[in-house]
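Reading through the structure tokens given below for one structure.
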Amino acid sequence: MKPVVLLDFWASPFGQRCRIALAEKGVEYEYREEDIMGNKSSLLLESNPVYKKVPVLIHDGKPVCESLIIIQYIDEVWPDRAPLLPADPYARSQARFWADFVDKKVRPPYADAFHEFDCSPLRITTNPRNLFLFIDKQILDSFAHCLICSSCKNNCAEPVCSQHPLTLFFMYQFNECGTRLWQLKGEAQAAAKEEFIEILKLLEGELGDKKYFGGDAFGFVDDTLVPFVSWFYTYETCAGFSIEEAAPNVVAWGKRCMERESVANALSDPHKIYETV
């Protein structure tokens, strides 16, 4: 095993953050794909016994968990190239604030569908053959229809077919507000779209005319947010609006980021994501 190992899943935006950071630093590492919806490896379970989820960075046999913590660890251990966090304490605090904003607004609180916990009004069980969603009636009426895997050929009685793990992964792993854009219909979708646009405008205001969120150099906030750019096409197509009209600077920033080899090699194809969901 190499000194640096990343336990990850190909479509995870949180793992993509770590891949981008490692590439920016020029760190060689071993990539290990995890079956996060089925047979998780013993290495993953031993390395992250609390959450049992990816990504996990293993450096010299020591595991580091949670993507934002991993990025900061990478920045501190390999400080001689492409600093991700600014040296100035105040600027560093602002970068951490906006990274935290992205984590709270551009990700759901239920990040791993196979880690059992209660998150009212939704509870997820750990048994992949009995993955029942317990949802209150209001939410059920809004999007229960989209929880059923339409391609299941076994007339599965479960609300979500566990034979299609990517469907589950995309539902629970990604953008809480953005996910509702393709889950909901009618007034509920319109409300989600309005909320999502407000989030974009806040990010647009923070970015301003800067090249990157931290200024002229690609940094911590950019790495935190850019994996979700791959989802913009899905949001726009499903909800019928233009992100570029709402946040032109953010879209231009995303295109600049995609010109970086580290980002282009890490992110998922937007059309593949749309076809999957």
Side-chain angles (χ1 to χ4, degrees), residues 1-87 92 95-104 106-115 165 169 172-175 213-214 217-230 257 260-268:
M1 187 167 68
K2 289 186 178 181
V4 181
V5 177
L6 182 65
L7 308 182
D8 202 353
F9 176 68
W10 70 271
S12 168
F14 312 112
Q16 288 167 2
R17 292 171 173 175
C18 304
R19 283 176 252 163
I20 292 169
L22 288 166
E24 287 287 328
K25 296 286 186 177
V27 177
E28 294 186 3
Y29 66 98
E30 177 184 347
Y31 177 90
R32 292 197 181 185
E33 180 79 1
E34 285 287 335
D35 181 7
I36 64 168
M37 291 301 176
N39 185 26
K40 296 181 180 181
S41 71
S42 58
L43 182 59
L44 174 60
L45 298 177
E46 292 167 3
S47 301
N48 192 355
V50 177
Y51 294 121
K52 303 178 178 65
K53 64 183 182 181
V54 297
V56 176
L57 182 77
I58 303 175
H59 182 210
D60 290 333
K62 299 177 181 178
V64 183
C65 305
E66 296 296 294
S67 63
L68 293 188
I69 295 173
I70 292 172
I71 295 172
Q72 293 177 77
Y73 178 86
I74 291 170
D75 199 40
E76 293 171 359
V77 172
W78 293 280
D80 55 331
R81 180 180 176 184
L84 297 172
L85 280 159
R92 195 159 58 243
R96 286 173 172 151
F97 172 87
W98 285 105
D100 180 69
F101 174 85
V102 170
D103 238 23
K104 289 177 178 176
V106 193
R107 66 163 293 174
Y110 33 89
D112 184 349
F114 286 96
H115 178 61
F169 177 79
Y172 297 111
Q173 272 280 6
F174 292 93
N175 192 324
F213 277 91
F218 182 88
F220 188 49
V221 181
D222 306 293
D223 191 2
T224 301
L225 177 61
V226 75
F228 296 100
V229 170
S230 294
C257 289
R260 305 182 71 86
E261 185 177 0
S262 62
V263 176
N265 289 340
L267 265 57
S268 304

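These numbers were taken from a predicted model, which means no experiment stands behind them.
Within the model, atoms CG of L68 and CG of D100 stand 7.5 Å from one another, a figure rounded to the nearest 0.5 Å. Note that CG of D80 and NZ of K25 are 7.0 Å apart. Values are rounded to the nearest 0.5 Å. Between the CG atom of L44 and the CZ atom of F9 there is a distance of 12.5 Å, given to the nearest 0.5 Å. In this structure, OG1 on T224 lies 10.0 Å from CZ on F213, to the nearest 0.5 angstrom. Distance CG/L225 to CG/D103: 10.5 Å, rounded to 0.5 Å.
Although no hydrogens or angles enter the test, the distance criterion places a donor-acceptor pair under 3.5 Å between the side chain of S230 and the main chain of S268. Formation of a donor-acceptor pair under 3.5 Å by the D75 side chain with backbone atoms of L85 is found in this model. D223 places no side-chain N or O within donor-acceptor distance of the main-chain N or O of F220, the cut-off being under 3.5 Å. Using modelled atom types, one side-chain atom of K52 and one backbone atom of P49 make a donor-acceptor pair closer than 3.5 Å.
Residue D8 is tested with R19, R17, K53 for a salt bridge (Lys or Arg N to Asp or Glu O under 4.0 Å); the sole match is R19.
Two residues are said to be in side-chain contact when any heavy atoms from C-beta on lie closer than 4.5 Å; S47 and I58 meet this criterion. Between W10 and Y31 the shortest side-chain heavy-atom distance falls below 4.5 Å. The shortest side-chain heavy-atom distance between P55 and I70 falls under the 4.5 Å cut-off. In this structure, the side chains of R32 and V5 come closer than 4.5 Å at one or more pairs of heavy atoms. By the 4.5 Å heavy-atom criterion applied to side chains, F218 and V263 are counted as neighbours. Annotation: side chain of E66 is in contact with side chain of Y51 (closest heavy-atom distance under 4.5 Å). Inter-residue side-chain proximity for F97 and V221 is flagged as unmet; no heavy-atom pair is nearer than 4.5 Å.
In terms of heavy-atom proximity, V226 sits nearest to L267 at O-CD2, 3.4 Å. Here the shortest heavy-atom pairing between Q16 and P227 reads OE1-CB, 3.4 Å. Residues G214 and D222 approach most closely at N-OD2, 4.3 Å, considering heavy atoms. Considering every non-hydrogen atom in both F228 and V102, the closest pair reads CE1-CG1, 4.5 Å. Closest non-hydrogen pair, C65 versus V56, comes out as SG-CG2, 4.1 Å. Closest approach of E34 and S41 over heavy atoms only: OE2-OG, 2.6 Å.
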Item to complete: Before giving the answer on side chain to side chain contact (heavy atoms under 4.5 Å, CB included), spell out for L7 and N48 the whole-Å C-alpha distance, their side-chain angles and the decisive distance to 0.1 Å.
Response: CA-CA 10 Å; L7 308 182; N48 192 355; over 6 Å; no
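Y73 and W78 have perpendicular rings, their planes meeting at more than 60° on a 0 to 90° scale where under 30° would count as parallel.
Heavy-atom contacts from other residues, nucleotides or ligands closer than 6.0 Å to CD of E33 number more than 12.
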